[in-house]
Amino acid sequence: LDRITGQQQGTTAWHDFTEAQESAFKRSLEEFNDGRDDTLNAEAPAEMEKELETALPADQGPETFNWAHDWIGRYHEQEFVYDASDDLEIDLEETYTENALEAVQWEGAVYGLPYAIETVSLMYNPEYVDEPPETLSEMVEIMEEYHDPENNRYGLSMPSVDPYFLSAWLQAFGGSLFDTESEELRIEDDAFIEGVELLEESIWPYVPGDPGYDSQIPVFSEGNAPFAINGPWELEGFREAGVDAQVAPLPDVDGGDPTPFTGVQVWYFTSQLESADESALETTIEWAEWYTTNEQAIIDNAEIQGLIPVHQDYTDSDNADLGEDVLTFAETVEMGTPLPTHPKVDQIWDPLESGLERVFNGNESAAQAMESTAQNIRDRWE
Amino acid sequence: MSRFTRYTTSIGRWIARKLTWPRRAADSARVTVKQVRTGRRTVRDVAKTGVGTAGAAALLLVLLFPVYWVLAASLSQGSGLMSSQGIFADPRSYNLEAYRWVLFESSFTYAAVNSLIVVSITVLVSMSVIIPGAYALSRREFLGRRGILYGYVLFTQVGAGLSIATLIALYALFVNLGLDNNLLVLGVFYAAGAIPFNTWLLKTFMDNIPVSYEEAAIVDGASQWQVIREIILPLSKPGIAVVLVFTFLAGWNEFVIAQTLLQSHNYTLSVELYSLIAGGGYETPWTEFSAFAILFALPVAAIYFLAQSYVEDGLSFGGMSG
Amino acid sequence: MSSSLRNRVVGHGRERLPFDVDSVGLAGLLLVAPGAVLFLSFMLFPIAFLIYLSFTDATHAGTVLGGEASIIGLENYAQLFTDPQFWQSFGVTWLFLAVSLAIKVVLATGIAMILTHARVLGKRYMRALVIVPMGFPAIFVITVWEGMFSGARYGPLNQFAGTYNSIVSGFVGVLDSLLFFVTVSAPELLLADLPIQWLSGRWSAFAAYTITEVWLAYPFMVIIIVSALQDVPMDLHDAAKVDGAGYVHRFFNVTLPAIKRPVLFASILTAATSFQQFLIPFIFNGGGPSRQNELLILYGYREAIELHEYAFASAIMVTAIAFIGMFMWLAVKKGNLAEGIDSA
Amino acid sequence: MAQVRIESLRKEYDVGTVVAVDDLNLEIEDGEFVTVVGPSGCGKTTTLRMLAGLEEPTSGTIAIGGEDVTDVHAKNRDVAMVFQNYALYPHKTVFENMAFGLRMSTDMSAEEREQQVVETAEMMDIEGLLEDKPDQLSGGQKQRVALGRAIVREPDVFLFDEPLSNLDAKLRTTMRAEIQRLQNELGITAVYVTHDQHEAMTMGDRIVILDGGELQQVGKPTHVYENPVNEFVGGFIGSPSMNFLEVDVDERGDTVHLTGLEEEFDFELSGTYVDRHAGALEADRYTLGIRPESVDFTEDTRNSITAGVSVVEPVGSDNYLHLDLAGEFIARVSPEIEPQPGDDVTLTFDESDIHLFDPKTGRDVLGPTKEPPTMATS
Amino acid sequence: MAQVRIESLRKEYDVGTVVAVDDLNLEIEDGEFVTVVGPSGCGKTTTLRMLAGLEEPTSGTIAIGGEDVTDVHAKNRDVAMVFQNYALYPHKTVFENMAFGLRMSTDMSAEEREQQVVETAEMMDIEGLLEDKPDQLSGGQKQRVALGRAIVREPDVFLFDEPLSNLDAKLRTTMRAEIQRLQNELGITAVYVTHDQHEAMTMGDRIVILDGGELQQVGKPTHVYENPVNEFVGGFIGSPSMNFLEVDVDERGDTVHLTGLEEEFDFELSGTYVDRHAGALEADRYTLGIRPESVDFTEDTRNSITAGVSVVEPVGSDNYLHLDLAGEFIARVSPEIEPQPGDDVTLTFDESDIHLFDPKTGRDVLGPTKEPPTMATS
Ligand SMILES: Nc1ncnc2c1ncn2[C@@H]1O[C@H](COP(=O)(O)OP(=O)(O)OP(=O)(O)O)[C@@H](O)[C@H]1O
Ligand SMILES: Nc1ncnc2c1ncn2[C@@H]1O[C@H](COP(=O)(O)OP(=O)(O)OP(=O)(O)O)[C@@H](O)[C@H]1O
Ligand SMILES: [Mg+2]
Ligand SMILES: [Mg+2]
């Protein structure tokens, strides 16, 4: 009957781990729950973002969930998150890197604890490439050599219009999406448009025609492309498919610096905790503290998915055995800048993606597209 | 008991009839050859039939290509759907790995039980109001009959879109009443949505049952209830079968509402299927998705295939032609 | 005279059982009531709530559920009717409805005719197969078609296009070697430019929607038309043959009129569903590119769920419901479905 | 087995705009077989349905076996009806069809029911069909099952609504005999609607003729044939139809002459005849009715009429001569008489065979003298 | 307007398991009206459909107007068919129904078509219905429209498939006359299938009798009535049916006696009669056939037979006496003769009226002497 009426008990965490990640997560969860009176239950909703959106205001949501830090601003505004600064027992400054700590805070409140940081980087197939290219022009040369769509061979595999994957180049010449201080849109700036033009010139000619994620992946995983640009989560999949994918830092750009977005992975504290009973609050806080500091979890994350730790103990010491890949990703993270968290940014992604797609398809020039996109976004802000 | 065995044997015979076509096809082929040889049928005549049949079969192949494609994909574990080797993976590499995964490792079975719970409620509740409603609308005169009928016709096809439109309102309603995340309520909700179309459908069907059967029964001394049980219901069988299938589908296939109202431990199959695409990373695991989808759609497809004549009868708007 | 005869014909269906009128129809009312009440209780409240919301300033779900919204009158509607995106969605929705309906009707009629034709053996099995997709969950069908329309070179449809290209060039190549004085190369016009970005082009995405919609709805149409075709008296065909009518004339003069009403009926039903199509654009490309194909319901859904404009979204939904209601009402009136109500 | 008594029965449809049955009075004896005829739409079916309880009379009463059943629901009247289209339950076997009524209206045990059904089936010679469904049966078999279904209940009254109209001629003859035999054997009161002349004449103890919802005549078939009360009945009963001629009545001294209005024709009535009908011939214009078989040929020019033959229809046993007289005038003659179309023939008839109808009321002014027609009682 | 010639026509269904028409030979003159009768399932409809081109013969040829049309598609034959259920296009008005054939098979202009349709409609008296749809028409009106649709095309051949079987008796009589008048006027060859005795006898110039797919007899109706070639035709044509008695032939010196097998009955044939049929009476057992109207009553005990009366059926113009003889034996007598059931009557008949059928082949051994029947030509 419980199942039919579905009334759920206990403290809950929502997650959106992939299958590979899930087993490690489950292991951690078991370990955490072992011996606890109030255990933490895990659930994986079909579409976490939408479901949080309805469940939280209705008091039907989880106590915690994991996601990149970029929702902090909006969730603060919608009052979906809980400020746990008074409840935390851990010394934040001592434990997490500065970047990461900044990411989970908003106007002084602590809305979650960070456990990793990630970004996209270059990957290459050693069958085609001996040494990873140092500069973009080297990379273009190699892509040029292999690119031959007629025979199912491409230069690069990359979700081609998703701003997250393109951010390194879009922001290569000093451009950015949004100025958090002045709350102004920056995509019409010359620096940003230059970034788009760089894509047009050096990147897009070498990817498969369908910019979508699902279409791009197989090109690399089946060994039909020398390069891919993707995140640590895909590494395992590539290797399982039989490509000995290697990670490299993003190549330098003439006259600029590739600046990818980085995402801090966070266990959020939700507004559910405001009315929650003592034990639920305790469980949630303890879980976040435990997970973000647990060695096994950190190593699992690093090894399985190439997630870069944000725990100071593991970043400083090069001796920590986290593997090559993580170190390489860490190098890329160094170049990057955190995803903006301002609520207004939320309205930027979709229009920007459409705008980029129009340029990708050759329907509009970079400047035109950005101009109309900016207009579009401003309309939405109203 | 004997009734049960009678039903099972007749169902068995019915399935057997559906499945023995190769033998019958061979028989008629033999006869045709004989006819041509004895000059009873011209070669041209046979050829025309051959071309017609081949054309129809070709059309069918084209139409059902997506089905074939998913089927192939579900068997191609290890060589993704978007494989650059082509649409059709090498049949030698076909394996049942994905099905094993769906059945034993995914939450398929668990969600299937949820789906079954929802569907049984939907079917039970909707049938128990649709049949009397259709009967009354078809056979009785009462206050507001035309109004209700009009309303039902207007709402026949609005159900699905309406639910999306009123999604948030529904959610608010359910949450406020504490009825969200409740399979029972979800089932009842589907039943409610299925009422207008199916009531109207069944009513149209019942309209074509001649009144004289009822009159005969009344003259034979049957009471109102006996007339319904002994005459109307048995004669409405094809219509009821179709409505049964439709209400079943209403509960089995719906996804948007289920996703909104249910939490993941209560997901039905359709939401689980969707979370295969949407959840957990960027990439769609096509093979698993296909296997999952096929196992999900198979029962309904099988019912359709076997109940074809009922469906054709039940959807025959005989009274509407002309 | 003819009118009284007609009354008798039509009235036939209106016969009711004896002594019905006395009982003031109480029994009848009691029989329909549970269904009607159940339906209304699940439909009426949400609609009322939606209408209420459309007059408020609710933004994200929190404001709706928390009851923090306040009434602002018709502002949302004013904004809606001046929003170019609304008119864009509105137009493309009707276009989608019309195009997919036209294709559906023609295709389904064709299939139904073929699958009832005397020259086709095993047509019962083929019919059984052809309606199987009706049982597939929409979400499944749509996802599969999304895969079919993959813009990758090795997306299934692009592969077909590739095969087509090589057939064309192969054919031209044969021509070329036959006529060795001139060099013939495959004309660009005949060749598809591969890979086709189905879902990135405005019209190709629209075409993809349409094809998927057609595939979703054709089985229902086919069944209805097959049933209707089987009710066409053979005698009428014989009479037309004797009258000197060939196949085409028989189709237009005997078959078509006989299946007209069922087809009309099925058209209205599926058109109403098309109008509310949501999953196809939602799954395919979110109504893209650049919201150019954002069908009405998706438009509302996005405004609510993704853009956190619940009140505005409610105004869209209310408008959509109003239109679909009007459409059905007109269809019922003009399409004489009301006759079905009265007589049948 | 019961007497049926219908009093001032009236049925209106559509709020009185259609009067299907108008002030009908009729008494049917226990065990009697009554046939009901009339043109299409005259109210035959409506009357039957009111008897069965399927239609509520607008006014008037119906009594069965002395008990007023006007307000009794159909299911509580002990009548059985055989519908024109049989109305066999298509989803039930023949056995179940027949057992249904017993199951509904008696509290017999299953064995008793089975026994009774099987007995009846044997009587109807359909015991081999008991396991079949109606759509496996031929028309004649269906018919017999429908009869069997009615008979098995041994009702008070049988109602038949054109039960044979869907059958072919041969089968009809057989079934007709069968129904008669059964009704005789069982002695159940029966009301039999038909539009077949022959059935109406041969099957009924009495025949009821309706027109426009009103009763025209009731009586023994031969009596009605010979003494139609009015022009309608005269024209309706008999095939080929009675011939009609418009005549003037001309009293010339002692004798009375009938002279043709459009035809040259002078027919002198004998004195005894005139005496017998004294007082009847008051108007001076009548419609003269004469049956085709009463037309004789003569050489005599007195009391005769000469007409051209337009068509000769040989039907084997007789020849029908269509004559150029008063629109449609048919003489039935023996097959040896074969005039050619275009020939002139002279014909006459016996004064005892003629009918004189009042052209306004249509009533036969000579009619009632021969034998009082058994009119509807009240 | 054309002659129709059918040669060795054969039609099999279901891979030869059903032979619907078997080796049919028939020649129909230009302008002739031929009626086709036979029991249900004898192949009447099949023959007609082959003539129309709706069914492909298994073997044999059909020629219309001297031209072999066996392989010509229906739409290219100039025939018009009136279907049993009319088969009017339900969505077309009467006008459109009638104009459709003209539109399809001629290249008349719209005005010409309209003129022709209106003319025909006037001829059929349906010009007031031109704008109506078929379901607004009564049965008789539909019938006339169906006829009109056939007539308007002025085809080579008319085919009628039981066109009147759905109509009531009165309407049937009227329509029958109408069809005959029209066919006469237009002079178009017509083949008319019916199972109504009366229609078959009265309408046809010649009558064709089929049984089990085989031709039994062709000839003028009266000739066939009087001289059925075999027992089947004898029994099939005529209503009530011919009576049959099993008899032994007994040569007693100079005279020949027919003695009843089951009945006590001794009938002496006259010398002249025997001489005339010399050589015909070779077997010693025959089935004697005698028509109900040929049965006379006598007081004489010679050449007579006594039987009990079981039923007296008064049909107004005659009485039918059912006698306890040879299963079913009917005598048609005038309505004055009214014995009571149970009475004994003595009956006899003229030797010229009897038929003797060979019990094995069924052929009438006396038959061919009177007049050579017009058999099918080939
Ligand atoms: N349900 C009804 N509503 C309105 N009028 C009706 C109804 N039933 C019958 N009538 C009318 O009542 C009259 C008598 O009908 P009824 O069916 O009794 O005729 P009938 O004698 O049985 O004719 P038929 O020989 O054609 O069966 C007709 O004028 C008919 O139109
Ligand atoms: N399409 C068919 N398939 C198989 N058998 C058929 C078909 N059509 C007719 N028959 C058979 O052929 C024979 C002759 O049929 P037909 O319809 O010509 O008879 P009919 O003389 O017109 O009979 P009726 O008087 O009942 O109309 C019958 O035995 C019938 O069962
Ligand atoms: Mg009637
Ligand atoms: Mg026939």
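Computed from a prediction, not measured in an experiment: that's the story for all the values here. Lettering of chains follows the sequences in order, A, B, ..., and the numbering in each one begins at 1. Basis for what follows: all heavy atoms, side chains included, without hydrogens, waters or symmetry-related copies.
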Between [options], which shows the greatest number of heavy-atom pairs under 4.5 Å with chain B?
options	value
C/Ile283, C/Val232, C/Leu38, C/Leu53	C/Leu38
C/Leu129, C/Val226, C/Val130, C/Leu279	C/Leu129
C/Lys260, C/Gln230, C/Arg127	C/Arg127

To the closest 0.5 Å, what do you measure between [atom1] ([X]) and [atom2] ([Y])?
X	Y	atom1	atom2	answer
C/Ser314	C/Ile47	OG	CD1	12.5 Å
C/Ile114	C/Met126	CD1	CE	10.0 Å
B/Trp252	B/Leu269	CH2	CG	5.0 Å
B/Phe289	C/Thr143	CZ	OG1	4.0 Å

[X] versus chain B, heavy atoms under 4.5 Å apart: side chain, backbone, both or neither?
X	answer
C/Ala304	neither
C/Pro34	both
C/Phe275	neither

Where does [X] contact chain C at under 4.5 Å (heavy atoms): side chain, backbone, both or neither?
X	value
B/Phe189	both
B/Phe292	neither
B/Leu60	side chain
B/Val125	side chain
B/Ala302	neither
B/Val256	side chain
B/Phe248	neither

Output field: ring centroids [X]/[Y] closer than 6.0 Å:
X	Y	value
C/Phe323	C/Phe327	no
C/Trp329	B/Tyr150	no
C/Phe282	C/Tyr301	yes

Which one, [options], leads in non-hydrogen pairs under 4.5 Å with chain C?
options	answer
B/Pro196, B/Ala194, B/Gly52	B/Pro196
B/Ile303, B/Leu63, B/Val67	B/Leu63
B/Val245, B/Leu64, B/Thr199, B/Leu298	B/Leu64
B/Ile131, B/Val188, B/Ile294	B/Val188

**OP:** Quickly, which of B/Ile148, B/Ile195, B/Val129 forms a side-chain contact (heavy atoms from CB on, under 4.5 Å) with C/Phe39? Name it, please.
**Re:**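 Of all the options given, the one that passes is B/Ile195.
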**OP:** Before giving the answer on side chain to side chain donor-acceptor pair (under 3.5 Å), spell out for B/Asn253 and B/Ser270 the whole-Å C-alpha distance, their side-chain angles and the decisive distance to 0.1 Å.
**Re:** CA-CA 6 Å; B/Asn253 286 351; B/Ser270 58; over 6 Å; no
**OP:** Using the six-membered ring wherever Trp is involved, compare the ring planes of C/Phe45 and C/Phe49 and label them parallel, tilted or perpendicular (cut-offs 30° and 60°).
**Re:**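 Ring orientation of C/Phe45 relative to C/Phe49: parallel.
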**OP:** Would you sort out whether B/Tyr190 and B/Glu254 count as a side chain to side chain donor-acceptor pair (under 3.5 Å), showing the intermediate values?
**Re:** CA-CA 8 Å; B/Tyr190 290 151; B/Glu254 202 284 333; 2.6 Å; yes
